[in-house]
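Worksheet: the structure to be examined is printed underneath.
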Amino acid sequence: MPLKKKELYIENEIEIINKFIRDKYRLKFPELGSLVHHPIDYARVVKKIGNEVDLTLVDLEGLLPSAVIMVVSVTASTTSGKPLPEDVLQKTIEACDRALTLDASKKKVLDFVESRMGYIAPNLSAIVGSAVAAKLMGTAGGLSSLAKMPACNVQILGAKKKNLAGFSTASSHEEIREKIEKWQEPPPAKQPKPLPVPDSEPKKKRGGCRLRKIKERYAITDMRKLANRMQLEFLKRAHLEP
């Protein structure tokens with residue numbers, strides 16, 4: 001099996017096992033999935049906690065950052081979860097061991113490729129380092145595919161589409177059901193608009209370009225002003241003459 005396919009196979013297996021672990025362990029600690037997102041970190045924490053209720057007795061140092069450990073400990077003291085049955089707990093722990101074993105195998109594959117990158121792609125290794133070069137070649141699907149790839153596509157090799165990894169299938173189906181029920185709800189009734197206060201002062205309105213053009217169109221010209229003035233003088237004289 002090519003290294004790229006082997007790596008993808010391992011990642012898919014880890015994702016499937018991670019969903020199984022989360023589905024089982026959410027009965028014991030439902031909030032843990034929103035606090036620890038990485039599948040391998042989640043498996044390590046689940047294996048460490050087990051059915052323990054008091055997390056002050058569990059040493060999580062080295063597994064999670066200190067800030068996350070504090071949040072996990074505080075949340076565990078108020079969780080609504082219940083201890084798992086012994087058979088369910090045993091299957092969950094075995095799944096955690098399986099995920100950790102697969103992760104170790106994946107690291108061995110990457111370490112092997114990284115150790116050979118100086119011979120496989122010496123120029124690329126000299127530019128970005130053997131570790132980055134191994135990841136680039138693995139993501140591209142091989143050295144030949146990477147060499148034929150346009151430069152503009154190299155920078156997006158690490159981008160991955162969002163998937164449901166880390167979320168239980170039960171919670172995802174529950175979210176979809178809630179959204180469908182929300183869409184089926186009737187629109188809210190229109191509230192009657194209150195009338196303005198009778199004695200309130202009129203609001204000031206801004207002029208704007210449109211109002212200026214209207215004023216310019218209907219404004220009195222200078223010739224019209226002179227004509228009106230002459231007509232007024234004529235009327236005054238006619239009134240004063242005997």
Side-chain angles (χ1 to χ4, degrees), residues 1-26 32-49 59-72 91-169 171-172 175:
M1 183 184 293
L3 293 178
K4 175 59 179 176
K5 290 185 178 180
K6 189 176 293 186
E7 182 182 353
L8 290 175
Y9 172 78
I10 294 174
E11 289 180 355
N12 291 335
E13 286 293 314
I14 292 175
E15 182 179 330
I16 294 171
I17 295 173
N18 179 55
K19 289 180 181 179
F20 174 83
I21 297 171
R22 289 176 185 265
D23 285 338
K24 297 298 181 183
Y25 203 71
R26 65 187 177 89
L32 184 62
S34 61
L35 301 177
V36 183
H37 301 282
H38 196 276
I40 302 303
D41 292 341
Y42 187 85
R44 290 195 181 105
V45 173
V46 169
K47 184 178 179 181
K48 193 75 173 180
I49 297 176
D59 185 15
L60 297 177
E61 289 292 334
L63 301 181
L64 298 173
S66 301
V68 179
I69 292 175
M70 182 178 65
V71 175
V72 170
K91 291 180 180 179
T92 306
I93 298 299
E94 290 175 359
C96 293
D97 291 335
R98 175 64 176 167
L100 296 176
T101 302
L102 287 172
D103 183 63
S105 300
K106 177 183 174 182
K107 289 181 179 178
K108 288 181 180 179
V109 172
L110 292 177
D111 290 341
F112 172 75
V113 176
E114 182 180 343
S115 65
R116 304 296 298 174
M117 284 306 296
Y119 302 97
I120 299 173
N123 295 335
L124 181 62
S125 301
I127 295 173
V128 298
S130 57
V132 178
K135 292 179 180 179
L136 285 174
M137 192 183 73
T139 307
L143 183 60
S144 178
S145 300
L146 181 63
K148 297 176 182 179
M149 184 175 295
C152 58
N153 293 344
V154 175
Q155 59 184 349
I156 60 173
L157 280 177
K160 291 184 178 179
K161 294 182 179 180
K162 184 179 179 181
N163 52 32
L164 294 177
F167 298 93
S168 65
T169 55
S171 63
S172 302
E175 290 177 2

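What you see below is based on every heavy atom in this structure, not just the backbone, and it leaves out hydrogens, waters and symmetry mates.
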Atom pair [atom1] ([X]) and [atom2] ([Y]), whose distance is rounded to the nearest 0.5 Å:
X: Asp97; Y: Lys47; atom1: CG; atom2: NZ; value: 3.5 Å
X: Tyr42; Y: Leu64; atom1: OH; atom2: CG; value: 12.0 Å
X: Ile16; Y: Ile21; atom1: CD1; atom2: CD1; value: 12.0 Å
X: His37; Y: Leu32; atom1: NE2; atom2: CG; value: 10.0 Å
X: Lys107; Y: Ile10; atom1: NZ; atom2: CD1; value: 12.0 Å
X: Leu146; Y: Ile120; atom1: CG; atom2: CD1; value: 12.0 Å

Electrostatic pair Lys106-Asp103, nearest N-O below 4.0 angstrom: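 No.
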
Side-chain ion pair, Arg98 and Glu94, N-O less than 4.0 Å: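 Looking at Glu94 together with Arg98, the answer is no, because their closest N to O distance does not fall below 4.0 Å.
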
Non-hydrogen side-chain atoms of Val45 and Leu35 separated by less than 4.5 Å: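 No, their side chains stay 4.5 Å or more apart.
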
Working for side-chain contact (heavy atoms from CB on, under 4.5 Å), residues Leu63 and Asp41: CA-CA 7 Å; Leu63 301 181; Asp41 292 341; over 6 Å; no

Can you name the closest pair of heavy atoms from [X] and [Y] and give their distance?
X: Ala95; Y: Phe20; answer: CB-CD2, 3.7 Å
X: Gly118; Y: Ser125; answer: N-OG, 4.0 Å
X: Met117; Y: Ser130; answer: CG-O, 3.7 Å
X: Ala99; Y: Ile40; answer: O-CD1, 3.8 Å
X: Cys96; Y: Val46; answer: SG-CG1, 3.8 Å
X: Leu60; Y: Lys48; answer: CD2-CG, 3.8 Å

